[in-house]
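The structure under discussion appears below in the form of structure tokens.
All values below come from the heavy atoms of this structure, side chains included, with hydrogens, waters and symmetry mates left out.
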Amino acid sequence: MTMAGARAPLLHELLHAAPAETGARMSDTLYRRWPALLGTDTLSRRLDWGYEGPAPADAPPWEDMLAAALSAPDAAALPGSLDPIEPIPFEEALLPFVAAARAGLECEAGTALGICSPAARAALERHLFALLSVVATPVLGSAFSLQRALAGSLPWLPPRGRQNYEAFVASLQAGGLRLLLADYPALARLLATVARGWVLAHGRLLQRLERDWHRIVATFGFPAADCQLDGITAGCSDPHDGGQSVSVLHLSNGRRLVYKPRSLEMEIGLAQLLDWAGRTGFPWPFRTVALLPGEGYGWMEFVEAAPCDDEAAVGRFHARSGGLFCLWWLLQGTDVHHENLIASGEYPVIVDAETLLHPRPFPDVIHLLGPGAGYGASPEDDFARALLESGFLATGKTLDLSAWGQAGNGATPFQVASCQAINSDAMTMAHETFHVAPRPNLPVLHGQPRQAAVHAGAIVDGFTAMSRLVVQHRHDFLTLLDGFAGCSGRFVARATNTYGLLLHAGLQPEWLREGPARGVLFERLRQAALAAPARPACWPLLDAELAALERLDIPRLSCRCDLPAPCWPAPLDQARARVAGASLPDLDRHAAALRQALTPQTVSPRHPHPA
């Protein structure tokens with residue numbers, strides 16, 4: 001597939017190699033479209049400012065995966081990976097990539113693949129089918145619609161069987177897939193990239209599980225039996241760093257284990273703070289979550305959602321969540337949305353702490369980052385900013401996704417692609433409203449979630465108790481903060497849905513005919529930065545975003561919490577100053593502001609306090 005390789009270089013690769021020659025490596029049409037997306041008279045400036053993001057790989061390993069897929073057009077699926085009750089769009093057409101990835105996983109995982117039961121391997125392959133389908137469906141759907149129409153068939157006319165669909169798949173297996181991908185070389189690269197990322201991510205997971213098993217047994221109290229996976233739920237988070245995401249492992253001992261393909265430094269630091277609070281006198285001790293760190297990854301106890309026993313337990317849950325919010329404010333945390341907090345009985349458990357000690361960019365940086373960055377005009381008051389940015393409270397947007405928000409099935413303003421009558425002659429592509437699935441972020445009593453606003457008094461009590469504890473034991477708390485030195489967290493440059501919308505748009509056929517095209521689309525994120533008179537300090541961040549998006553990743557921008565950067569001061573220094581300057585009068589004022597922030601959401605004048 002030399003032609004695909006020659007026409008599929010990504011934009012950030014061209015810019016890294018030779019910015020001035022980038023235009024010569026793309027079509028005239030795309031080159032003219034680029035300045036239209038950037039803004040008038042900015043292309044020359046953009047090329048002059050170059051690329052300072054991550055260096056591309058020297059060799060294009062995706063080409064080997066593509067060649068392997070195209071050499072096996074009639075590959076078979078593992079039993080259980082395809083479900084006729086819940087089919088995946090164009091799954092039969094994607095079998096060559098799944099088969100090539102299967103062979104790759106056998107090499108990558110080695111003996112560790114033996115810990116997977118047939119059901120676990122089928123679950124992994126089904127996950128890959130789903131990933132590939134999202135990428136390929138816009139182009140395959142267009143090609144199928146055309147072939148169906150040329151055959152004199154329309155999706156709304158009888159018969160509604162599978163004859164046309166099966167003929168389309170057969171044509172792809174007979175060489176049509178190779179021809180189609182020659183027309184869409186960027187799609188060829190994306191499919192191969194997804195398959196290769198799946199191989200590397202899960203090969204690494206299985207090797208780590210096999211290697212760490214004895215430590216896992218000791219840490220999590222599992223029975224001392226051989227490691228065996230009965231199932232795996234992959235893709236439990238956004239994809240980062242080459243398609244890696246959180247997975248939940250279903251072990252043969254009946255237990256579940258969470259795998260995180262990133263450092264657990266922030267989770268460990270948070271656990272130490274919560275342990276300190278319980279030992280030092282916080283009235284409502286927190287539940288501890290078992291953690292086992294590895295080098296650049298880690299294992300976490302699976303936290304099961306559970307209901308509360310009685311009304312008093314609901315109050316204690318909210319008091320603890322008020323204490324958590326206090327720590328999140330003091331340590332400048334963000335992103336505790338409804339997916340990152342689990343109500344496990346009367347215990348609120350934060351399961352993702354990577355945005356603790358989050359950088360606060362300078363105001364001009366937020367402006368230059370452009371769409372989806374920041375929270376608008378951030379309040380000057382430090383505590384008011386925490387109320388807005390922590391994630392615990394609603395931000396005033398249409399849909400409340402906060403940790404204290406309502407756990408409902410909310411409709412968003414966003415449209416997502418969907419297929420009707422999947423893998424039949426009547427299959428059509430459409431868009432439908434994206435709904436946010438309910439999450440167990442609120443305590444449940446008698447089958448009903450108990451809203452945070454009704455328990456504002458308990459939340460404020462927990463906040464007040466934690467803040468006074470920190471002031472009373474300020475020296476000890478500052479010593480605990482010193483333990484975060486050297487830890488890396490994540491800088492969330494902009495709202496994830498901004499990335500998601502761009503990635504979705506970049507899968508439309510018009511952006512897949514040449515490699516740099518999707519990158520040109522993603523350059524819209526640079527419009528504000530290009531209005532600056534000189535290359536801004538955030539330029540490398542924008543470059544890193546471009547490289548990640550071109551790999552189909554949600555960007556994960558890592559940063560040391562104890563070091564300043566050109567775009568922000570050191571978050572750990574800011575947290576130390578916040579703790580050192582805390583006073584009881586200020587804490588009373590913050591408690592009143594927290595109560596006021598919760599009051600507009602109140603549905604009852606009653607504010608139960610924890611027992």
- Message: Does the structure place the NZ or CZ of Arg208 under 6.0 Å from the centre of the six-membered ring of Tyr297, at an angle of no more than 45° from the ring's axis?
- Response: yes

- Message: Test side-chain contact (heavy atoms from CB on, under 4.5 Å) on Leu132 and Phe90; report intermediate values, then the result.
- Response: CA-CA 9 Å; Leu132 294 168; Phe90 297 106; over 6 Å; no

- Are side-chain heavy atoms of Arg262 and His240 found at a separation under 4.5 Å? no

- Task: Indicate yes or no: at least one non-hydrogen side-chain atom of Leu393 is less than 4.5 angstrom from one of Leu598.
- Result: yes

- Query: Is it the case that Gln244 and Arg204 place a side-chain donor and acceptor less than 3.5 Å from each other?
  - Reply: yes

- Evaluate side chain to side chain donor-acceptor pair (under 3.5 Å) for Ser321 paired with Trp404, printing each intermediate quantity in order. CA-CA 9 Å; Ser321 71; Trp404 288 337; 3.3 Å; yes

- Item | Which residues share a side-chain hydrogen bond (donor to acceptor under 3.5 Å, both in side chains) with Trp328, sequence neighbours left out | none

- Query: Below 4.5 Å, heavy atoms only, C-beta onward: do Ile88 and Arg126 meet side chain to side chain?
  - Reply: yes

- Message: Restricting to non-hydrogen atoms, name the atom on His504 and the atom on Ala417 that form the minimum distance, rounded to 0.1 Å.
- Response: CE1-CB, 3.7 Å

- Query: Under 30°, 30 to 60°, or over 60°: which ring-plane class applies to His127 and His202, parallel, tilted or perpendicular?
  - Reply: perpendicular

- Query: Does Asp553 use its side chain to pair, donor to acceptor, with the backbone of Gly243 at less than 3.5 Å?
  - Reply: yes

Side-chain donor/acceptor pairs under 3.5 Å, residues 190-200, sequence neighbours excluded:
from   : atom 1 : to     : atom 2 : distance (Å)
Thr193 : OG1    : Arg189 : O      : 2.7
Trp198 : NE1    : Leu124 : O      : 3.1

- Is there a donor-acceptor contact under 3.5 Å from the side chain of Gln332 to the main chain of His358? yes

- Query: Hey, is the main chain of Gly486 close enough, under 3.5 Å, to the side chain of Asp562 for a donor-acceptor pair?
  - Reply: yes

- Message: So which atom in Cys559 and which in Pro359 form the shortest heavy-atom distance, rounded to 0.1 Å?
- Response: SG-CG, 3.5 Å

- Query: Roughly how far, to the nearest 0.5 Å, is CZ of Arg578 from CG of Leu481?
  - Reply: 10.5 Å

- Task: List the steps and the verdict of side-chain contact (heavy atoms from CB on, under 4.5 Å) for Glu86 and Ile422.
- Result: CA-CA 9 Å; Glu86 295 185 7; Ile422 295 173; over 6 Å; no

- Could you go step by step and tell me if Arg121 and Arg102 meet the side-chain contact (heavy atoms from CB on, under 4.5 Å) rule? CA-CA 9 Å; Arg121 291 193 64 178; Arg102 182 192 307 149; 3.6 Å; yes

- Checking side chain to side chain donor-acceptor pair (under 3.5 Å) for the pair Arg287/Ser344: CA distance, chi angles, key distance, verdict? CA-CA 9 Å; Arg287 172 183 166 177; Ser344 183; 2.8 Å; yes

- Message: Using a 3.5 Å distance criterion without hydrogens, assess whether the side chain of Glu346 forms a donor-acceptor pair with backbone atoms of Ala313.
- Response: no

- Among Leu249, Leu291, Leu264, which one satisfies side-chain contact (heavy atoms from CB on, under 4.5 Å) with Trp299? Leu249

- For Ala120, does its backbone N or O pair with a side-chain atom of Glu125 as donor and acceptor, under 3.5 Å? no

- Message: Using every non-hydrogen atom in the two residues, find where Ser237 and Val246 come nearest and quote the distance to one decimal.
- Response: OG-N, 2.9 Å

- Query: What heavy-atom pair brings Pro87 and Asn423 nearest, and what distance separates the two atoms?
  - Reply: CB-ND2, 3.8 Å

- Should Asp482 and Arg576 be marked as a salt bridge (charged side-chain N to carboxylate O under 4.0 Å, His left out) after you check the CA-CA gap, both sets of side-chain angles, and the distance that decides it? CA-CA 9 Å; Asp482 291 341; Arg576 289 187 180 117; 3.2 Å; yes

- Note on the structure: Here the pair of heavy atoms bringing Ala353 nearest to Leu270 is CB-CD2, 4.1 Å

- Are any non-hydrogen side-chain atoms of Leu552 and Leu507 less than 4.5 angstrom apart? yes

- Does the side chain of Leu503 come within less than 4.5 Å of Ile554's, by heavy atoms? yes

- Test salt bridge (charged side-chain N to carboxylate O under 4.0 Å, His left out) applied to Glu265 and Arg560, step by step: CA-CA 11 Å; Glu265 290 174 321; Arg560 281 272 297 270; over 6 Å; no

- Determine yes or no for a side-chain-to-main-chain donor-acceptor pair under 3.5 angstrom, with Arg474 supplying the side chain and Ala582 the backbone. yes

- Item | Val492 backbone acceptor or donor facing Asp335 side chain under 3.5 Å | no

- Query: Under 4.5 Å between any side-chain heavy atoms of Phe129 and Leu82, yes or no?
  - Reply: yes

- What distance separates Phe392 CZ from Cys326 SG, expressed to the nearest 0.5 Å? 10.0 Å

- Check: Phe477 and Leu327 side chains under 4.5 Å, non-hydrogen atoms: yes

- Yes or no on salt bridge (charged side-chain N to carboxylate O under 4.0 Å, His left out) for Arg494 and Glu545, after CA distance, side-chain angles and deciding distance? CA-CA 10 Å; Arg494 66 188 82 245; Glu545 285 185 310; 2.8 Å; yes

- Task: Determine, step by step, whether Asp352 and Lys260 satisfy the side-chain contact (heavy atoms from CB on, under 4.5 Å) criterion, reporting the C-alpha distance in whole Å, the side-chain angles of both residues, the deciding distance to 0.1 Å, and the verdict.
- Result: CA-CA 10 Å; Asp352 187 347; Lys260 295 204 170 197; 4.0 Å; yes

- Task: May I ask you to decide if Thr464's main-chain N or O and Ser467's side chain share a donor-acceptor pair within less than 3.5 Å?
- Result: yes

- Message: How long is the straight-line distance from CZ of Phe325 back to OG of Ser390, given to the nearest 0.5 Å?
- Response: 4.5 Å

- Decide salt bridge (charged side-chain N to carboxylate O under 4.0 Å, His left out) for Glu311 and Arg450; before the verdict, give the C-alpha distance in whole Å, the side-chain angles of both, and the deciding distance to 0.1 Å. CA-CA 10 Å; Glu311 187 68 45; Arg450 305 303 298 270; 2.9 Å; yes

- Query: Looking only at heavy atoms, which two atoms of Ala305 and Pro440 are closest? And how far apart?
  - Reply: CB-CB, 3.5 Å

- Message: Centre-to-centre under 6.0 Å for Trp276 and Phe282, is that the case here?
- Response: no

- Can you find a side-chain donor-acceptor pair between Gln574 and Arg360 that sits under 3.5 Å? no

- What is the distance from atom CG of Leu331 to atom CG of Leu357, rounded to the nearest 0.5 Å? 4.5 Å

- Query: To the nearest 0.5 Å, how far apart are CG in Leu563 and CH2 in Trp568?
  - Reply: 11.5 Å

- Query: Is the side chain of His338 donor-acceptor paired with the backbone N or O of Ala403 at a distance under 3.5 Å, no angle test?
  - Reply: no

- Note on the structure: Interatomic distance, CG@Asp241 vs CZ@Arg551, rounded to 0.5 Å, equals 7.0 Å

- Is there a side-chain contact between Arg320 and Arg316 (heavy atoms, below 4.5 Å)? yes

Only pairs under 3.5 Å count here: list side-chain donor-acceptor contacts from residues 218-235, not counting sequence neighbours, and write none if there are none.
from   : atom 1 : to     : atom 2 : distance (Å)
Thr219 : OG1    : Arg215 : O      : 2.8
Gln228 : NE2    : Ile115 : O      : 3.3
Thr233 : OG1    : His250 : NE2    : 2.9

- Task: Only one of Thr137, Val135, Leu131 passes side-chain contact (heavy atoms from CB on, under 4.5 Å) with Ser133; say which it is.
- Result: Thr137

